[in-house]
Structure formats: C-alpha cells, structure tokens
Amino acid sequence: MIMKRLLLTLSLIFAIYTVAAQQSELSGISFDKKEYDFGRVPRENKNYTCTFILENKTDKPLVLLSVNTSCSCLKAHYSRRPLKVGDKINITMTLEASKMDKGLFHRVVEVHTNSGVARLVVRGMSE
C-alpha cells in the first residue's frame, strides 16, 4: 500500500513537471539557441561572452522580469525594455573565468518573463 502511494505521488509530480515544462515551451519565448559551449577556458583574468537572441512570438508585449544564473561566475546583460510582438533582444552572458573552479562546468540560466520561464545552458571546461 505504501509503495502504491509512493508511485502515485511520483507519477503526479512527474505529470505536473511535464505540464509546466510544456507551458514554458509553448509560451512564445523563442531563442536562436538553448545551449552554448565555451569549449576550453583558461582560468585567468579574462572574460568570455556568448549571446542568446530572444524573440517575442507571443501576441502581446513581452517583459523580461529577470535573468538568473546558477553561479556567481556568470553574469547576464540585457535590456529591460518590453519587446513588442516580433521584436528580438540580445541576452549576453559574461563568464568570469578567474572565479571558476578547474574542471567541467554546466551552468543553467533561467529567463523569467511575463509569458513564462525559459532555461538556457552554458558549459565548457575550465583549465
């Protein structure tokens, strides 16, 4: 009986997560890419950048509420102006290599808008 309840609870959590992920994808938030690989990054006092292009494919103005990174070594730069339908905007990510530990890295960036949340990934190898 306990196992049955556990399986039911896990199934429910998975279903809720799946619906939430689909809503994020269907929200009209469109990017030119969802991932960026920096490759090998020397740990020195140098910054590396990449840019994600966001397009508003909704039927209303799109407002970027926040862009959150999973590490203090990664900073997001973007305009806070609302995007009209069809407008595009750059979200530039700056990687501060000197703040990183040595080894593989995988950082998640959450883009929060009035239309939903999108997740981006940056990765590479810090040397």
Side-chain angles (χ1 to χ4, degrees):
M1 186 67 161
I2 292 174
M3 192 62 136
K4 208 179 231 185
R5 285 185 183 169
L6 179 63
L7 286 173
L8 181 61
T9 302
L10 289 175
S11 297
L12 182 60
I13 289 170
F14 179 75
I16 291 170
Y17 177 79
T18 303
V19 168
Q22 288 173 345
Q23 286 176 343
S24 174
E25 293 300 320
L26 298 175
S27 64
I29 301 170
S30 174
F31 288 89
D32 64 328
K33 58 185 163 287
K34 292 280 190 149
E35 296 186 17
Y36 184 83
D37 188 348
F38 279 103
R40 295 186 179 278
V41 177
R43 288 180 47 219
E44 54 190 35
N45 284 334
K46 185 175 179 184
N47 294 338
Y48 299 87
T49 62
C50 69
T51 300
F52 295 92
I53 301 171
L54 180 150
E55 183 177 359
N56 180 6
K57 291 189 174 183
T58 67
D59 58 356
K60 61 185 178 189
L62 183 69
V63 179
L64 271 72
L65 303 172
S66 66
V67 178
N68 303 325
T69 63
S70 63
C71 179
S72 64
C73 62
L74 192 61
K75 305 287 186 224
H77 309 279
Y78 58 96
S79 172
R80 298 198 182 334
R81 69 173 175 80
L83 285 97
K84 296 177 186 170
V85 175
D87 278 359
K88 295 180 182 181
I89 192 170
N90 291 343
I91 299 175
T92 301
M93 305 306 301
T94 301
L95 181 70
E96 298 173 350
S98 62
K99 293 184 176 182
M100 299 183 64
D101 292 330
K102 197 173 191 178
L104 289 172
F105 63 90
H106 181 271
R107 305 291 187 259
V108 176
V109 179
E110 287 188 344
V111 180
H112 296 261
T113 73
N114 61 325
S115 187
V117 178
R119 285 170 188 78
L120 308 172
V121 173
V122 295
R123 64 178 181 273
M125 168 70 92
S126 178
E127 300 179 323

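Every value quoted in this text rests on a predicted model; they were computed, and no experiment measured them.
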Measuring from Thr49:OG1 to Tyr36:OH, what's the distance to the nearest 0.5 Å?
-> 7.5 Å
Rounded to the nearest 0.5 Å, what's the gap from NZ on Lys46 to OG on Ser98? Could you check?
-> 12.5 Å
Contact summary for Arg43 and Ser126, nearest pair of heavy atoms = CG-OG, 2.7 Å
Rounded to the nearest 0.5 Å, what separation is found between the OG1 atom of Thr69 and the CD atom of Glu110?
-> 10.0 Å
Where does the angle between the aromatic ring planes of Phe38 and Phe105 fall among parallel (under 30°), tilted (30 to 60°) and perpendicular (over 60°)?
-> tilted
Interatomic distance, Ile53 atom CD1 to Lys88 atom NZ [nearest 0.5 angstrom] = 6.5 Å
Taking distance alone, no hydrogens or angles, what donor-acceptor pairs closer than 3.5 Å link side-chain atoms of residues 70-79 to residues at least two apart or in another chain?
residue: Ser70; atom: OG; partner: Val108; partner atom: N; Å: 3.0
residue: Ser70; atom: OG; partner: Val108; partner atom: O; Å: 3.4
residue: Lys75; atom: NZ; partner: Ser72; partner atom: O; Å: 2.9
residue: His77; atom: NE2; partner: Thr94; partner atom: OG1; Å: 3.2
residue: Tyr78; atom: OH; partner: Val67; partner atom: N; Å: 3.4
residue: Tyr78; atom: OH; partner: Arg80; partner atom: NH1; Å: 2.9
residue: Ser79; atom: OG; partner: Arg81; partner atom: N; Å: 3.2

Heavy-atom side-chain contact between Asn114 and Leu62 under 4.5 Å = yes
Is the closest side-chain heavy-atom distance between Pro61 and Lys84 below 4.5 Å?
-> no
Can you check whether Ile91 reaches Met93 side chain to side chain, under 4.5 Å on heavy atoms?
-> yes
Is there side-chain contact between Met100 and Arg107, with at least one heavy-atom pair below 4.5 Å?
-> yes
Does atom CG of Asp37 have more than 12 heavy-atom neighbours, drawn from other residues, nucleotides or ligands, at distances under 6.0 Å?
-> yes
Could you tell me whether the side chains of Asn90 and Thr92 share a donor-acceptor contact shorter than 3.5 Å?
-> no
Heavy-atom pair with the smallest gap, counting every atom of Lys34 and Ala118 = NZ-CB, 4.5 Å
Please tell me if the side chains of Leu83 and Leu64 come closer than 4.5 Å, counting only heavy atoms from C-beta onward.
-> yes
Separation between NE2 of His106 and CZ of Arg123, rounded to the nearest 0.5 Å | 6.5 Å
Does a sphere of radius 6.0 Å around NZ in Lys33 hold more than 12 heavy atoms from other residues, nucleotides or ligands, not counting ones at 6.0 Å or beyond?
-> yes
Looking only at non-hydrogen atoms, find the nearest pair between Ala97 and Pro42 and report the distance.
-> CB-O, 3.4 Å
Where Val121 and Phe52 come nearest, the two heavy atoms and their spacing | O-CZ, 4.0 Å
For residues Val63 and Thr113, determine if any side-chain heavy atom of one lies less than 4.5 Å from a side-chain heavy atom of the other.
-> no
With sequence neighbours excluded, tell me which residues meet salt bridge (Lys or Arg N to Asp or Glu O under 4.0 Å) with Lys60.
-> none
Under 3.5 Å donor-acceptor, Asn56 side chain and Gly86 backbone | no
Leu54 and Val111: side chain to side chain contact (heavy atoms under 4.5 Å, CB included), yes or no, with the steps?
-> CA-CA 10 Å; Leu54 180 150; Val111 180; 4.1 Å; yes
If you look at every heavy atom in Ser115 and Thr58, which pair is closest and at what distance?
-> OG-CG2, 3.6 Å
Any chance you could measure His112, atom NE2, to Ile29, atom CD1, to the nearest 0.5 Å?
-> 10.0 Å
Can you find a pair of side-chain heavy atoms, one from Val41 and one from Leu95, that are under 4.5 Å apart?
-> yes
